[in-house]
Amino acid sequence: MKIIDRQLLDATTARAKVSPRLRMNYDFHESLDDPVNRLLNAMEPDTYVRPHRHCNPDKNEIFLLLRGKIAVFLFDDDGYITDTFVFDPLNGNYGGEIKAGIWHGLLVLESGSVIYEIKEGPFVPLTPENMAPWSPSAEDTEEVQSYLEQLKLKIKN
C-alpha cells in the first residue's frame, strides 16, 4: 500500500521549496504509460502554472487539496475568467474535476499546499495548442509576476 501521510507531504514540500519552479511532483503511477496517472503536486506561492487545457487527447483532471490553500481559475477562449474557486480543506472546500478542453490555471495562496492529482494516462506532454496563448510563457518572468498579481486581484473573498 502506498501511504499519503504528513511525512510524505513534508518531504515533497521541502523539495518544492528549493525547486526553481517552486513545485514538485511525487508520482504514484509506476510508469508514464499507466492508464491512470496519480501524483502529489506540492506547490509554493509564486509558482506559475500556465493556464492550459487538456485536448487532443481529451483528458479530465481531478484534484484534491490535501493541505494549504489555492485558487483555481476557469477561462473562456479569450482569457477572461469565467469562474474562480478557492480551495481550503480547513473551510470544507477540497478540490474538483475539470473537464477536458476547459482552460484553467491556479494560484497558490499558502505555503505548503499539496494537491493529489488524477488524470487519464498515458502521460502526454502539453502541446502548444493546449497552452493558453493569452497568458505569458514561463520564461517571461516579469510578465508572469504581473499576471500572478492580476490573478490575486480576482479572488473572491
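None of these values were measured; they are calculated from a predicted model.
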Do side-chain atoms of W134 reach the backbone of Y80 as a donor and acceptor pair under 3.5 angstrom?
-> no
Taking atom CG of D27 and atom CG of N41, what is their separation to the nearest 0.5 Å?
-> 9.5 Å
Considering only NZ, NE, NH1 and NH2 on the basic side and carboxylate oxygens on the acidic side, decide whether K59 and E61 come within less than 4.0 Å.
-> no
Tell me who clusters with L8, hydrophobic residues only, linked when side chains sit under 4.5 Å apart either directly or through other members.
-> I4, L9, Y26, F28, V36, L40, I62, L66, V114, Y116, I118
Does any non-hydrogen side-chain atom of I155 lie less than 4.5 Å from one of F73?
-> yes
Donor-acceptor pair, side chain of N91 and main chain of N93, under 3.5 angstrom | no
With F87 as reference, evaluate L65, I115, L109 under the side chain to side chain contact (heavy atoms under 4.5 Å, CB included) test and give the passing residue.
-> L65
Is E142 atom CD crowded by more than 12 heavy atoms from other residues, nucleotides or ligands, each under 6.0 Å away?
-> no
May I ask you to decide if V49's main-chain N or O and R21's side chain share a donor-acceptor pair within less than 3.5 Å?
-> no
Nearest 0.5 Å please: distance from the CG atom of L107 over to the OG1 atom of T84.
-> 10.0 Å
What residue among H52, R50, E143 forms side chain to side chain donor-acceptor pair (under 3.5 Å) with S135?
-> R50
Just by distance, with hydrogens left out, do N130 and T127 show a side-chain donor and acceptor under 3.5 Å apart?
-> yes
Flag, side chain of S111 to backbone of E44, donor-acceptor distance under 3.5 Å | no
Going by heavy atoms in the side chains, are V108 and P45 under 4.5 Å from each other?
-> yes
Taking D5 for the side chain and Q7 for the main chain, is one N or O donor matched with an acceptor at less than 3.5 Å?
-> yes
Q145 side chain reached by D46 side chain, heavy atoms, under 4.5 Å | yes
Look only at the side chain of H54 and the backbone of A100, and say whether a donor-acceptor pair between them is shorter than 3.5 Å.
-> no
